[in-house]
A.B. asks: 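Below is the structure I would like to discuss, written out as structure tokens.
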Amino acid sequence: MSTQRTPSHHEQAYASLTRGLKELDIRGSSVPCNLVLIGDDAFPLAMNTQGQVLMAASLYGSGRIVVLGHESYLTTFPALVENALIWLRGDKSDNLSVAVHQRAKAVADNLSRSSFQATVVGKFHDNLGVGVYVTDAYSVEADGRDLVAYLKAGGGLLIAGQAWHWAHEHPKENTLLYFPGNKASSVAGIYFSEHCGEVEWLPVYPQIPASWQSVAIGKDFEDDLQFLLQGVSEFHFKGGIPSEVLVHGPLAFPIGSNEWGQAFLAGAYYGRGRVIVVTHEGALGHQMAPFLTNAICWLDEGRNGVVGVVPSLGHPFNLLSNLGLRCEKTNFRKDLNVFVCTAYSDDHAQEIQEFVAEGGGLLIGGHAWYWAQTHHGQNPLTDFAGNHILNKMGLSLLGETLASGSYKAPVHSQAVKDNYHFRHLLHRFAGHVVKGEALTKNEESLLKKLGSDCANYLHMKAHDCCSYTQVVSTLTDILKKSGMPQVCESCPVRTPEDHLLLSVGSEVYKACPDPDALLPYLIKNNPVMPVVYNYRIKINVKTGAEEWLCTGLYLAPGMRTYMAMPAAIVNKGWKVQIGCQTDYLKHDELKRAPCVHEHFPVTSEMMQVWNLWGGLIYLVAPPNTQLEGPEVIVQIAIPAPYYKSGVTTAADWSLLRTAPAPWAELEFDNIIITVPSNVVRGLERPNEVAAVWDDIMRGVADLAAIPHKFPRKERFVADVQISYGWMHAGYPIMMYSSVADSLVNPEKIRHADMWGPIHELGHNQQRGCWEFPPHTTECTCNLWSVYVHEEVLGINRAKAHPNMTTNARKSRTEEYVKGGRCLDKWSVWVALETYMQLQERFGWDAFKKVFAAYHKMTNTPSDNPGKMNLYAQTFSETVGMNLTGFFKAWGWPIDAATQKKLSSLPAWTDHPMVQYG
């Protein structure tokens, strides 16, 4: 099944520019410069074995540009030049006129034998009326704005030269900003740099050249940091929680970071202009005045122009005005020198990018973490408004947060040396893997972060951006060279290097152009299993909350299948999920990859799905959905052991339990249990397991005072490792696969320790209106453990858990009383004793009635004292007795109003706490 992508417009352009060329021999006396590429449109034409780009092309506005790293290449490679002229002409096929600057006159001589009509000119001017302009990089007149306007309007520009000699003669000048050629080429994301390129014989590759060595930053930024940090001792984020910013562009750099390398302040060169991002707009105030003054001056580049501040940012406007800067409250305008705005709008995104590319300064403030938390299922890198502006500039706001407060500003020279930079460390790690270069201890300590950042970066899905494809290519090469750790329970991952490889493996698999070729390096043991074809799944669902629908099918690691979807579920919020283990792991020791499931929104009637790690196939129904009858057809998949009460017969199960997939599901009336298939291979009578679980779930419902038919079936999923705890609640409830057998063995269920699983089911029944966190978080869920053991399984509470023996209960209570009945100590088992004393006096029916009463309540208190008083009142009224003395004896903050409300009821005077005085 093919997974190859169709060629991008860059790849098509590269093919046109290199048509008929087999090699480029640049050996000789001409020493080119290394070109630095940024943005979405620049791509290399020629790259040496050191990863240096010596020729490149790009787009800007409606125009095209080709840049050669030495002016001699204009005559050395006439075939390349002719290809370039044809491509630069674009769709102006009838315009064969080419204007050639007099310093590149030899180009015109060469073209005399071609169909092009070359004219030699003394300088560029607006009314040349030509399709292509050819010049060396030293003859860009004045500020180059006329040439930029020509390019933007659809002109073609061929420019050649090197900047290393200019940089040597102008040691105090910023080459990126002031070298003449950069005044034109940089708007398209191509810079002549001061670094010499190595000359060698270059083969012309069929695809755009890529190298791990090219994934490097294009400047050391020492002069920029020296300017920006002058007089700055601290950065203040006291008014809010900042996001992390991913600094990923070759000309982007961190300005302020925490001790773990997370940047909260960063800058970048973009075209002829510059940008600074502050990751919370609240920091754009007087406490950051020293830095903001420097930042505006750096962005303005000494022009003393107008600084426009969006009207919503009052504090920065007042601050900058007080500092004597020319400020105006305004939305975006092209005539500004610096624009100050927030990251929460992408209005004028393209205009702002062009404004910066053509020399403007941008100061943008905002965070993405709140957006990420409130837009579940969306991708901050591609969907957050601010990133629509920033991504191209080499900066991206992430959903990750940093602590609010103050951060010490680095010493600029130390910042250059020690600052974590995504590209720099990726370059170093690639050298470590490919060439065995040693990493420093500091670099090794940051590899785990690098893995996380690589995964985030790949989420940009910028497949048409050459900078992105260079990173993808680098990571692909790393994985092919090193392989991915074959993580499992017996072979856990512990080292930072293996953490990195494991983190990026699945993301690179999704992003690389040929995932099938990469798969054998990622998954070493991938046995072939029997499959079924055109499998039909009938949808019959009525949901309250989001719900997974079992299909009984599995995909092997890397296996792809097509699914035909009924129109009734297309673009209705449905998803396909591959994999049942949805916990994201952040442990230092990993027994599986951090994330092993995939989601695919159902947006078309035919869709392809897959997962590097394989997994059971689910349809995920959105909330409040009712649908009966439509069918989904799965083209090819592996059958899994799947039992459904009332549907699967004993004869069916005798075959299904041998199905080849490694994961099995048992679906009963109110619960679904997912376990390794070897756990159920020998299970002959799943109906007996169903009967026990049906009883348990009825018990859970009875105590909760809800109908026996759950609105959504509970789920247990076993995993080799989970995110926290021995088990944890949620949908699904997660548990370790090592104890999965205890859920599907009727004898074990009735006679072994089921406290934990029922504890988690209890968690799912907890309600905020009668919960008092943190005291009762791990306490009231145990009411279900006690109830189910006694009322369903027939196991006395003293035998259900070691902490429930009479002696254990008594000693806890005595210790609590001796400690002064402090609520700080009233939690888990101590708190449970309060409820046990109530139960032993008033019975389980009292709890059922109390829970039922809460179902009807609205506008309940949100604070613990208010909730505790309401609970005391509700329980007292339910049992017809004033229990305030009992609750006060436990240290509850019972107020006078509650005591007055209950004063007409007879008091519980012989409660168990009386003996303690």
Side-chain angles (χ1 to χ4, degrees), residues 692-693 695-704 716 725-729 733 735 739 742-743 747-766 770-819 821-848 850-851 871 875 879 883 886-887 889-892 908 911-916:
V692 178
W693 275 106
D695 289 344
I696 290 172
M697 297 308 292
R698 276 193 292 270
V700 172
D702 283 341
L703 181 58
F716 274 99
W726 180 240
M727 295 183 188
H728 70 75
I733 296 169
M735 65 182 299
V739 293
S742 64
L743 296 187
E747 287 303 309
K748 287 188 176 181
I749 295 172
R750 292 195 182 278
H751 300 104
D753 177 17
M754 283 295 288
W755 188 278
I758 300 168
H759 170 101
E760 304 305 341
L761 289 167
H763 268 306
N764 285 355
Q765 293 302 321
Q766 288 174 319
W770 47 260
E771 272 295 292
F772 322 129
H775 312 294
T776 57
T777 304
E778 294 298 326
C779 160
T780 50
C781 52
N782 286 326
L783 292 172
W784 276 265
S785 292
V786 177
Y787 180 84
V788 170
H789 274 85
E790 291 192 338
E791 301 298 313
V792 178
L793 303 177
I795 301 172
N796 182 272
R797 65 191 63 181
K799 294 183 178 180
H801 195 283
N803 278 315
M804 292 303 293
T805 64
T806 303
N807 288 339
R809 292 173 57 189
K810 184 178 179 181
S811 64
R812 280 197 302 271
T813 306
E814 290 174 349
E815 187 177 346
Y816 177 69
V817 171
K818 287 178 184 176
R821 310 180 202 231
C822 177
L823 278 182
D824 287 345
K825 304 293 185 183
W826 187 75
S827 62
V828 195
W829 299 106
V830 174
L832 182 62
E833 186 58 26
T834 304
Y835 296 93
M836 288 295 94
Q837 290 179 357
L838 288 169
Q839 190 280 326
E840 287 167 349
R841 171 62 176 83
F842 301 106
W844 289 115
D845 278 352
F847 281 88
K848 295 175 185 178
V850 168
F851 290 141
Y871 190 87
F875 215 108
V879 300
L883 308 181
F886 168 75
F887 287 115
W890 273 104
W892 284 32
W908 186 16
H911 59 76
M913 298 301 287
V914 171
Q915 61 184 304
Y916 301 109

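Keep in mind that the numbers below use all heavy atoms, side chains included, and drop hydrogens, waters and symmetry copies. Since this is a predicted model, take the numbers as computed values, not measurements.
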A.B. asks: Decide if atom CD of Glu814 counts as having more than 12 heavy atoms of other residues, nucleotides or ligands within a radius under 6.0 Å.
C.D. replies: yes
A.B. asks: With ring centroids as reference points, do Trp908 and Phe875 lie under 6.0 angstrom apart?
C.D. replies: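 No; Phe875 has its ring centre 6.0 Å or more from that of Trp908.
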A.B. asks: Mind checking whether His911 and Leu883 have side chains closer than 4.5 Å, heavy atoms only?
C.D. replies: no
A.B. asks: Fit a plane to each ring of His789 and Trp755, take the angle between them on a 0 to 90° scale, and name the class: parallel (under 30°), tilted (30 to 60°) or perpendicular (over 60°).
C.D. replies: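 It falls in the tilted class, 30° to 60°.
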A.B. asks: For residues Met754 and Leu743, report the shortest heavy-atom separation together with the two atoms involved.
C.D. replies: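 Smallest interatomic distance, heavy atoms only, reads CE-CD2, 4.2 Å.
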A.B. asks: Has the side chain of His775 got a donor or acceptor atom that lies under 3.5 Å from a matching backbone atom of Ala831?
C.D. replies: no
A.B. asks: Are the ring centres of Trp726 and His759 closer than 6.0 Å?
C.D. replies: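 Centroid distance Trp726-His759: not below 6.0 Å, so no.
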A.B. asks: Check whether any side-chain heavy atom of His763 lies under 4.5 Å from a side-chain heavy atom of Glu778, and answer yes or no.
C.D. replies: yes
A.B. asks: State whether the side chain of Arg841 and the backbone N or O of Pro912 hold a donor-acceptor pair below 3.5 Å, judged by distance alone.
C.D. replies: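 Checking the backbone N and O of Pro912 against the side chain of Arg841, no donor-acceptor pair under 3.5 Å is found.
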A.B. asks: Does either side chain, that of Thr834 or that of Trp826, offer a donor lying less than 3.5 Å from an acceptor on the other one?
C.D. replies: yes
A.B. asks: Look at the side chain of Glu833 and the backbone N and O of Arg809, then say whether any donor-acceptor pair between them is shorter than 3.5 Å.
C.D. replies: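 No, the answer is negative, given that no donor and acceptor are paired below the 3.5 Å cut-off.
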A.B. asks: Is the backbone N or O of Thr777 less than 3.5 Å from a side-chain atom of Gln766, with the two atoms forming a donor-acceptor pair by type?
C.D. replies: yes
A.B. asks: Taking all non-hydrogen atoms of both residues into account, name the closest pair between Arg797 and Met804 and its distance.
C.D. replies: O-CB, 3.0 Å
A.B. asks: List the atom of Tyr835, the atom of Phe847, and the distance in Å for their closest heavy-atom pair.
C.D. replies: O-CZ, 3.4 Å
A.B. asks: Looking only at non-hydrogen atoms, find the nearest pair between Leu783 and Leu832 and report the distance.
C.D. replies: CD2-CD1, 4.1 Å
A.B. asks: In terms of relative ring orientation, are Trp892 and Phe772 parallel, tilted or perpendicular, with 30° and 60° separating the classes?
C.D. replies: perpendicular
A.B. asks: Using the benzene-type ring in the case of Trp, are the ring centres of Trp890 and Tyr816 under 6.0 Å apart?
C.D. replies: yes
A.B. asks: Taking it one step at a time, do Thr780 and Trp770 satisfy side-chain contact (heavy atoms from CB on, under 4.5 Å)?
C.D. replies: CA-CA 9 Å; Thr780 50; Trp770 47 260; 3.8 Å; yes
A.B. asks: Any donor and acceptor pair, going by atom type alone, linking the side chain of Trp784 with main-chain N or O of Ile758 inside 3.5 Å?
C.D. replies: no
A.B. asks: Which heavy atom in Gly756 sits nearest to a heavy atom in Met727, and how many Å separate them?
C.D. replies: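 Residues Gly756 and Met727, closest heavy atoms: C-SD, 3.7 Å.
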A.B. asks: Between Arg750 and Asp695, is any pair of side-chain heavy atoms under 4.5 Å apart?
C.D. replies: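 A side-chain contact under 4.5 Å exists here.
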A.B. asks: Tell me whether the count of non-hydrogen atoms from other residues, nucleotides or ligands lying under 6.0 Å of NZ in Lys825 goes above 12.
C.D. replies: no
A.B. asks: Answer yes or no: is there a donor N or O on one side and an acceptor on the other, between the side chain of Thr776 and the main chain of Glu771, under 3.5 Å?
C.D. replies: no
A.B. asks: For the CD1 atom of Ile795 and the CD atom of Glu790, what is their distance to the nearest 0.5 Å?
C.D. replies: 10.0 Å
A.B. asks: What are the two closest heavy atoms between Ala808 and Pro802, and how far apart are they?
C.D. replies: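 Reported closest heavy-atom pair: CB-O, 4.1 Å.
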